Student: 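Have a look at this one before I ask anything.
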Amino acid sequence: MMKRFAAENLTESQQRAVWHKDGPLLVIAGPGSGKTRVITNRLAALINQGVTPSGICAITFTNKAAEEMRNRVFAMNVGGTAHISTFHSLCVKILRQFAQAADISPDFSIYNETDQKNCVKEAVKAADLDTKNFPPARILEAISRLKNNLQDAADFQAAGIGDYFSQCLSKIYRNYQKILKQNNALDFDDLLLKTAFLLRDFQDIRRQLNEKFRYLMVDEYQDTNHAQYQIARGLSLEHGNICVTGDPDQSIYGWRGADIGNILAFEKDWPNATVIKLEENFRSMPEILDVADKLIIANKSRKLKKLLPVKSAGGEIVVRCLDDEQDEAAFVGAFLRQLLDSGENASQTAVFYRVNSMSRAIEEALIENRIPYQVVRGVEFYNRREIRDILAYLRIIMNSADEQALLRIINTPARGIGDTTIGRISTYAASKGISLYEAIRKCDALDSIPAGTKAKLKKFLNTIEGFKKDVAGPVAVLMDKVFKTSGLYESLKTEIAEEDYSKASPLDNVAELISAAGKFDQQQGGGLVDFMQHIALFSDTDTYDSQSGKVSLMTMHCAKGLEFDNVFIIGLEQGILPHERSMGIASEIEEERRLFFVGITRAKKRLCITLSRHRTIYGRTSMTIASQFLFEAGLQPQSSTVPQKESEDKGDDSVYYERDYSQVSPDSSQTFAIGRLVSHKKFGLGRVKEFHNLGDNSIIVIQFKSGQVKPLMLKYADLSIIE
DNA sequence: TCAGGAATGCTTTTT
DNA sequence: GCATTCCTGA
């Protein structure tokens, strides 16, 4: 009955990895070496060999990766469900199960960066220090580093002494933890730290979890930090069935505490470990691998590893130097259009950059060229004001100690409860040692608050309490109710939409959130707490859609784990890549080099690298210097001035659009027929001049009464038809 | 209490 | 350059 399922073609070393059953296994997997296939096949192989699916735990770094693995395993039809999730989701699950031992309440809130910053500010103030000298972002970074190294506030204090800064930091750290505790909240790093401590300090819990998960798999092991390392260790200490996969050359999260040493020292940790190297590259054409190879050997601290091409020659490499970032973007836009024109698939095409802010010029050029695109960006959606407002209501409903949530919504929408009132209640709460929420409940005891304000407070409290009846029901229903009865809906509706056309309207965003909740109710269920904890860990890269039919724009960090036929990497300049902040630090330059390596090795057949002679950063334009990485990789930039000249023109764009996209959405092109009179919230009346049917991303060109002609994304333009 | 303007600082970023 | 925060005055 063995091996029967393994239909996928696997190389000899892949086979060995897949059929390795018991004991520690390290798979060093170069880019494009079929790592994901090995992992999913091994998972299936374990089940095939009689391992209970629920006894397998696979850990990834992103939700996206987890989801994809779930789908792949599901597609193999081996039955049963293994636990596949990110480190953080797994930790949430464990912490809720063993909340008592972890000394937390299971309905804890998970604080994001904004919440964390607010808490740090408070913590700094409580230590009688000034946020001017102790900027929250800095402090947070320091605390995060400590937590990732499993030093809690007490440990740090005990280890302490040190300089003035360390002493202050220690004080702030303790205050910060106290505040989180009072709010019944954990930050991202706490999820890891507390789980690691649980596994370290409670042998019975460790045994229980080892018993439950007999086989552990950890992907992207080169990017684990110390806390994650200890968790992985704790989860496999009793049985030793730990399989880790990764590639030291793709370690790009060192600055976030990831320790490349974890993967390098695996054989020391597990002396009986089997080590399998996957060096064959099934993804990229040899020309591309050659560039990657030349680049990465410049890294001194590295084990030698080859990229062995499997594909035959035929890759294309273009390196161009433009005058400024607009030209650079225009070049990319023109090149992209030419590619799509010649039949390349937009979904198989991506533009990478070092920092998110660089997407802007590209986006403009793509709109100009009528190229549909998706930006895979950090926390866009869930950071929108209206979304955070609704979520804050839900947070306070589930966890009334969550002060950050309460402060956010107590006067949103405006209900006449201002800072003065909040200050008075806050003082009262502190003096009584109760939560802000409790203090509001007891506001009658406060003489300083006028009767009218007290009435407002009570009304607010009753609204929140009223919601609690529906906590057990579907999240979408509760959310809808919150939206309608909290006054948020009214306030959003009356808000005159001065939003510019490139953004979706707040109402649409809320609708999307509610539908996401509905989806959650249907697919997973579990109620409010599950949903909220799910949402808190859900983020940006999960928005990437590999079948979107659009060109993808993302940072190189986001690109890890993906692959595309055509890859553009922009901004190959000193100070951008390598980034300014890594300059002069050898280890960080090496990480930047790995980052570029990751970018290059995403490409299957075509790689286009650009730089520009001038770049504007913080509104200041300056001359640039070509990136050292170009020379290391043996690349010679070619100057280029007129972007359009780069492509041998084939037909005009109208032909191209009709051919490629017209069938996608038959409706809107008729609704917005040429010449039709329409109205735009911001620009007023206008007539449809052109309509480019790109399905979901259709672009409409309107001649407005003011005389200006504007191309707008149809889905964001919010046009009404006048005739 | 809040709007509006000045001042500041910010850009690496999986969860 | 832009978003966020701070500050002032009504």
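In this text, all values refer to a predicted model and were calculated from it rather than measured experimentally.
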Student: Given that A/K117 and A/A258 both sit by DNA chain B, which one's nearest nucleotide is further toward the 5' end?
Tutor: A/K117
Student: For A/T86, which contact category applies under a 4.0 Å heavy-atom criterion: base, sugar-phosphate, or nothing?
Tutor: sugar-phosphate
Student: Looking at the side chain of A/H579, which of B/dC2, B/dT14, B/dT11 is the nearest nucleotide?
Tutor: B/dT11
Student: More than 12 foreign heavy atoms under 6.0 Å from CD of A/E363: is that the case here?
Tutor: yes
Student: Looking only at side-chain atoms of A/T62, point me to the closest of C/dT5, B/dT11, B/dT14.
Tutor: B/dT14
Student: CD of A/E220 versus P of B/dT14: gap in Å, rounded?
Tutor: 13 Å
Student: How many whole angstroms separate atom CZ of A/R388 from atom P of C/dT4?
Tutor: 13 Å
Student: Between B/dT11, B/dT14, C/dT5, which one does the side chain of A/V355 approach most closely?
Tutor: B/dT11
Student: Measure from CD1 on A/I417 to C1' on B/dC2 and round the result to the nearest Å.
Tutor: 16 Å
Student: For A/Q404 and A/D115, does a side-chain donor sit closer than 3.5 Å to a side-chain acceptor?
Tutor: no
Student: Assign A/N112 to base, sugar-phosphate, or nothing according to its heavy-atom contacts below 4.0 angstrom with the strands shown.
Tutor: nothing
Student: Quick check: do A/C119 and A/Y111 have side-chain heavy atoms less than 4.5 Å from each other?
Tutor: yes
Student: For A/T555, report the nucleic acid contact type (base, sugar-phosphate, nothing); a contact means any heavy atom under 4.0 Å.
Tutor: sugar-phosphate
Student: With sugar-phosphate meaning primed atoms plus P, OP1 and OP2, does A/H557 contact a base, only sugar-phosphate, or nothing at under 4.0 Å between heavy atoms?
Tutor: base
Student: Side chain of A/T421, heavy atoms from C-beta onward: which of C/dT5, B/dT1, B/dT14 has the nearest atom to it?
Tutor: B/dT1
Student: Can you tell me the distance, in whole Å, between the CZ atom of A/R615 and the P atom of C/dG1?
Tutor: 16 Å
Student: For residues 185-199 of chain A, which residue pairs qualify under side-chain hydrogen bond (donor to acceptor under 3.5 Å, both in side chains), counting only residues two or more places apart or in two chains?
Tutor: A/S144-A/D189, A/K147-A/D187, A/K147-A/D190, A/Y176-A/D187
Student: Quickly work out the A/K121 NZ to C/dT4 P distance and round it to whole Å.
Tutor: 11 Å
Student: For A/E68 and B/dT14, give me the distance from atom CD to atom P, rounded to whole Å.
Tutor: 18 Å
Student: Nearest to the side chain of A/N411 - B/dT11, B/dT14, B/dC2?
Tutor: B/dC2
Student: Figure out the NZ/P separation between A/K64 and B/dT14, and round it to whole Å.
Tutor: 9 Å
Student: What's the CE-P distance between A/M583 and B/dT11, to the nearest Å?
Tutor: 18 Å
Student: Not counting sequence neighbours, which residues clear side chain to side chain contact (heavy atoms under 4.5 Å, CB included) with A/E68? List them please.
Tutor: A/T36, A/R72
